[in-house]
Structure formats: C-alpha cells, structure tokens
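The structure appears below as structure tokens.
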Amino acid sequence: MVFGSGNSKREELTREQKAFWDENGYLILASFFEPTEVDAVNAIVDRRMADPSSFGQATVDPLHGQYAGQRFRGAEAPREIFQGPIKINDLFLDEPEVLNFALSERLTRILSGLLDGAPLVCNSLNFIWGSGQPDHVDSWFMPPPVPTQPAKRSFWGRVKAPESPQFNDRLAVSSICLEDVHPDAGPLVYYPGSHKIPPFRFSHGGFAALQDGTSKSSDYVHAEMQKAGLRREEFLGKAGDVFLWHGQLVHGGSAIKDPTRTRKTLVTHYWRAADVQPGKAVKVHETGYYEKRGHQALKE
Ligand SMILES: O=C(O)CCC(=O)C(=O)O
C-alpha cells in the first residue's frame, strides 16, 4: 500500500500507517520530498563523484568488478570504481545537507512513531546504481545496541558472557529515491511480512552477523519465507518517494539488467537515540539525532 503525499501538512504517523507497518514491515511515503530537496542532495553527490578526492576519509565500497568486497578511503580509491556500482558510506558525517535531509523533521516524526523513540542516524549509504545486494536483514550488520547487562562471575571468578543476549529490534531504515526507478535499474526487492520471522542466531549465540562465509542466515530466512508463503516485491519508486523498512525485513537489490541505468538513492539506518550511550547521541532537533563517530575503518 502506498500512503499519500507527505507534502500535506500531516506529519505524524497515522494509526493506519502504524498498523500497516506492524503487519508488513514497511511503509511507502509517496512524493514525500520536494524536487528541490532531492536536487540538492544529487548536486552534492555529483560534485563528489566528479572529483573523488573530495571524498577525503569517507569510505566507498565497490559492489562490482575486481575490487568488490574491499573498502577504500574515497580519496585513495582506484578511480575506475566510480564508473560502476558503489556504496558511498556515511556522507551524513561530512555533508550537513545530507544529514538534514535524512533527519527531516517530517520524516523523523514518522520514524519516532515506528521506533517508539527519537531516531538516531547510525549509518548512511548513497548509491548511484542499484546495489545488487543479496537478500538480507539489516540487524545482522547493524544490530541496535542493547542495554549492557551486568557482568556475572563464575565460581572461579571468571567474567561470564550473558547466556541469553538480548535482542533489540528498534532499527528502521529509509530509502529515499533520488530519481525515478526503472525496472531494469536493479530495483529494491523486499518480502512483506518477513520482519516477523524469529531472528536468526549466529553460531556465537548472538544476532550480529558472523562473517564466516556460510549462508546459514540467508538459508534460514528463505526457508521461513517459503513456509509462510511470503511473496517477493520490487519497489519502483519515483524521485522524492520514501520506502521505510523494519530492521528485520528481508530485502536486497535485484540484478541490474541495464548497466546504463542509474538508481540514485540515499539509504539511512536509524537506531533510537535512547539506546546509545548519552555521549554518543548528537541532537539536531527534538526528534532527530546522529551517532557521534568518525568514518568507518577499512576492512582488514
Ligand atoms: O536499495 C538496495 O538496493 C538495497 C540496499 C540495502 O539492502 C541496504 O542498504 O541494506
């Protein structure tokens, strides 16, 4: 279901939207941003892409070709990676306009209703082309912080890890279309209702992904989706549309059928400000925060 234009003055999450989110794990807000707002973000990204040295410490992940799987500081990255699918990480840390866009008050009021608390940007990704990412669940990679449990000591005095790690599902994601999505440009795919699948426990007992090269978590969610008869959908949004998804929703990027077609998108991940250590939450306005941190480390 697509919800009406956010350009109306209605800024709070409606009961109907919340019920739809609880049932399906996503929300589509059509025509939420004005063309001028979208153009301003595109201009920032275009400027950086025209001169990759301007990415400085910001990291970029090539998603295709010989460098796929690696991470580079933007300024030091091989120039050819900017000609094909890449993930530009955390522009919100350097570009106040990108931060303010992702923390638009109209959007964060809706997110506050979904998360039951003010959202905090913990990560942002800009895509120029489709991501082509395999189906996944975002909490595997960005598990929201949980309150620290008091350390327990064994009989021998050793500190014991909590036996049952807590699970916090307060992670929501916005994907803002920065242009109209063509079906051949590798649209976002998603599986309505998949957020209700019980979270996968990795072999360490917790919920954060283990990069052990196995596909157990993916096999698990696909088996559960098949059992539940969930269907696969593609999102063909227009510039200014917002697709919000629950941190447990299974989603990914479909294959790009026409590599000449771009799919400019800003994806932002939000935890709740209340879930991070107070010193880590920088307040931008009443319902919008971001995580205080530097750019991501390079992969080892
Ligand atoms: O838009 C896409 O292609 C998917 C992005 C995605 O999976 C993510 O950012 O978690």
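Positions are given from 1 along the sequence. All values below come from the heavy atoms of this structure, side chains included, with hydrogens, waters and symmetry mates left out. As the structure lists them, so they are numbered: ligands from 1, and atoms in each ligand from 1.
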Any carboxylate oxygen within less than 4.0 angstrom of a Lys/Arg side-chain nitrogen, looking at D135 and R232?
no
Under a 4.0 Å N-O cut-off, is there an ion pair linking K238 with E179?
no
Could you establish whether T265 and ligand 1 come within less than 4.0 Å of each other, counting only heavy atoms on the residue side?
no
Heavy-atom contact under 4.0 Å between K87 and ligand 1?
no
Considering the heavy atoms of [X], write down every atom of ligand 1 situated less than 4.0 Å from one of them.
| X | answer |
| --- | --- |
| H251 | 6 (C), 7 (O), 8 (C), 10 (O) |
| D138 | 10 (O) |
| V267 | 9 (O) |
| L188 | 1 (O), 2 (C), 4 (C) |

Inter-residue atom distance I86.CD1 - Y67.OH, 0.5 Å rounding:
14.0 Å
So, taking the atom named CG in L115 and the one named OG1 in T287, what distance separates them when rounded to the nearest 0.5 Å?
11.5 Å
Within the structure, does H136 bring an N/O atom to less than 3.5 angstrom of an N/O atom in ligand 1?
yes
Around [atom], find the nearest protein heavy atom and jot down its residue, atom name and distance.
| atom | result |
| --- | --- |
| atom 4 (C) of ligand 1 | S131 OG, 3.5 Å |
| atom 8 (C) of ligand 1 | Q133 NE2, 3.5 Å |
| atom 1 (O) of ligand 1 | R263 NH2, 3.1 Å |

H295 and its side chain to side chain donor-acceptor pair (under 3.5 Å) partner, picked from D94, T59, N89
D94
Taking the inter-plane angle between the rings of H269 and W245 on a 0 to 90° scale, is it parallel (under 30°), tilted (30 to 60°) or perpendicular (over 60°)?
perpendicular
Using a 4.0 Å heavy-atom cut-off, which part of L125 comes near ligand 1: side chain, backbone, both, or neither?
side chain
Single hit among S215, P198, P199 for side chain to side chain contact (heavy atoms under 4.5 Å, CB included) with Y220:
P198
Face-on cation placement of R106 at F32 ring, 6.0 Å and 45° thresholds
yes
